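Each remark here refers to the structure printed beneath this line.
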Number of protein chains: 2
Amino acid sequence: MSKSALHRGVGVALWRQIGDEIRRGIGNGLADESGRLPPEAELAARFGVNRHTVRAAIAALVHEGVLRSEQGRGTYVRRQKRLTYPIGARTRFSAGLEGQVRDRQIELLDHAREPANATVAAALGLEPAEEVIRLEMRGLADGVPVSRSTAWFRAAHFPDIADYFARTHSITRALALSGIRDYRRASTTIEARHADDTDTRDLRLSPGAIVLVARGINVDGSDKPIQYSQTRFSADRVELTVSAD
Amino acid sequence: MSKSALHRGVGVALWRQIGDEIRRGIGNGLADESGRLPPEAELAARFGVNRHTVRAAIAALVHEGVLRSEQGRGTYVRRQKRLTYPIGARTRFSAGLEGQVRDRQIELLDHAREPANATVAAALGLEPAEEVIRLEMRGLADGVPVSRSTAWFRAAHFPDIADYFARTHSITRALALSGIRDYRRASTTIEARHADDTDTRDLRLSPGAIVLVARGINVDGSDKPIQYSQTRFSADRVELTVSAD
DNA sequence: TCTAGTTGTCTAGATCAATAGACAAATTGA
DNA sequence: TCAATTTGTCTATTGATCTAGACAACTAGA
């Protein structure tokens, strides 16, 4: 039994402690089979706080995408299971979530034309400081941010990639408009770290959350690098599977 | 470089985040050779907060026993190194800190005569529910709590152990007054867990801190168990060394 | 349709957290 | 002794957090 009373006056707000406790409690018997949480009043009694304090905790988890509240019905766990992203040669950024979510979408947050830094130049096989197009994107599944990625393309070869992406909301289709009929993932490296400020903002994470970072290079039919990208996933919401393929 | 900006509006007070940051920074170049921290004004500038906020963080660490502030001089790290507790056959509760601290002391917080629970009865080789004396103690090093222990003795054999301990402030001397000339540590098991409410209160820890738990049985000259004890150490302040001895 | 159960919203007050500024008190080195 | 540096204390203000109570809005089942 985990002795998990709340601590007052220690610089951590009660609603955050309760939120963490609820997040931990999910998948540990707090919600019933249907994913329904106990009513707010009961949670308030259980934690020994006011109902409004529990509501603040739930609101934070709703904002994080962990819970979903329905007036008159109750509060439900949004997804009992994590999304599974396949990683393989045929990995397409937006694909691979078939059947796991009702709605998925990629937003273009920002784009720029700029000189490549050393890492990007090396990955794409460019001259130092050659110009690249950088796209900042965010992937949403059923309205919840699950991924945040940055992709670099050689500016000389893909001058209009940002426009194409903005129109099609798809890397595959944007590349097709640029004349790339097919491409494959040459390499992917995966690491995990704590969320930084950008992650907590864009993925709506709480500080201290863990992100998975996947760095990959896509190559065209003749194995020339066309895209270098770095994608951050919320480790709470996503798991990666590496397929041979 | 650890990207460790402060997070506002996430239910964790800035002073706590700063306190954690300082605690982490100690032994990582934040303090100079003499153990002196940068002045409050500089820390405030570095963290981008008001000086009072830094002061709240420092006050918490002073209360925890990590820092020591001196008006006009500066704020100093209390102990750069952790205390090392030897664990071995000849381990004496209060001993083993020779040379590491100026002043050490064991307080008797509470004592009771009560039936043994299953664990204690098994450890001491007693009949179920046979009466035992339980002592609740706290060890201080230079005024800072470093250990919190509970010890059980068979009531029939050591009826006055609490009195003796209160007089002598030493288990060894209290046992001597009870007629035990010598004893040795038959077994010790060590585990680590998060601090619970009792730990945070008695050892002045912050929630989420880690405690080392050492459970041991002391036996007399003819190998009969005379004492079962469970001691919690602040993992921040103490390390244990197991000696063959 | 009615009722019980549940989430959503509003008001109000108490306490905590953070900022701002000023000055006192102690220490150190010139 | 004097000036600079540093911690300690005080007042005041603003916003976040927590409590308390009341009632509206919605859902589901009798």
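A note on names: the letters A, B, ... follow the listed sequences, proteins ahead of strands, and every chain is numbered from 1. In this text the structure is predicted, and so the values were computed from the model without any measurement.
- Between A:Thr53 and D:dT17 there is no side-chain N or O to OP1 or OP2 distance below 4.0 Å.
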>> The test is side chain to side chain contact (heavy atoms under 4.5 Å, CB included); show your working for B:Thr150 and B:Arg232 and say whether it passes.
In response: CA-CA 9 Å; B:Thr150 308; B:Arg232 284 84 74 202; 3.2 Å; yes
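- A salt bridge links A:Arg68 to A:Glu70: at least one charged side-chain nitrogen sits closer than 4.0 Å to a carboxylate oxygen.
- The backbone N or O of B:Ala162 lies less than 3.5 Å from no partner atom in the side chain of B:His111, so there is not a single donor-acceptor pair.
- Nearest heavy atom pair, residue A:Ala174 against residue A:Thr168, reads N-OG1, 3.8 Å.
- Atom NE2 of residue A:His169 and atom CD1 of residue A:Ile106 lie 9.5 Å apart, to the nearest 0.5 angstrom.
- Residue-to-nucleotide proximity on DNA chain D shows that, of A:Arg73 and A:Val49, the 5′-proximal contact is made by A:Val49.
- Heavy atoms of B:Arg8 sit under 4.0 angstrom from primed sugar atoms or phosphate atoms, though from no base atom.
- Atom CD in A:Gln71 sits roughly 6 Å away from atom P in D:dC26 (whole-Å rounding).
- Once you apply a 4.0 Å limit to the heavy atoms of chain B, the touched nucleotides of DNA chain C run 5' to 3' over C:dA17 to C:dT28.
- Across every non-hydrogen atom of A:Gln227 and A:Ile171, the tightest pair is OE1-CG2, 3.7 Å.
- In this structure, B:Arg51 atom CZ and D:dT6 atom P are separated by 11 Å, rounded to whole Å.
- In this structure, the CG atom of B:Asn50 is 13 Å from the C1' atom of D:dA12, given to the nearest Å.
- No donor-acceptor pair under 3.5 Å is formed between the side chain of A:Gln230 and the backbone N or O of A:Ser149.
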>> If you apply the rule side chain to side chain contact (heavy atoms under 4.5 Å, CB included), what do you find for B:Tyr228 with B:Arg215, and how did you get there?
In response: CA-CA 8 Å; B:Tyr228 174 63; B:Arg215 295 171 219 274; 3.6 Å; yes
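- Both A:Gly72 and A:His52 sit near DNA chain D, but only A:His52 has its closest nucleotide nearer the 5' end.
- Remark: nothing in residues 56-64 of chain A comes within less than 4.0 Å of DNA chain C through any heavy atom.
- Where B:Leu14 and A:Pro38 meet DNA chain C, the nucleotide closest to each residue was compared, and A:Pro38 sits on the side nearer the 5' end.
- In this structure, the CD atom of A:Gln17 is 13 Å from the P atom of D:dT17, given to the nearest Å.
- Rounded to an integer number of Å, the gap from CD of A:Glu40 to C1' of D:dC26 is 13 Å.
- Following rounding to the nearest Å, A:Phe47 (CZ) and D:dT19 (P) show an atom-to-atom distance of 13 Å.
- A salt bridge links A:Glu136 to A:Arg134: one of the charged nitrogens lies within less than 4.0 Å of a carboxylate oxygen.
- Summarising the geometry, the separation between CD on B:Glu70 and P on D:dG8 is reported as 9 Å, rounded to the nearest angstrom.
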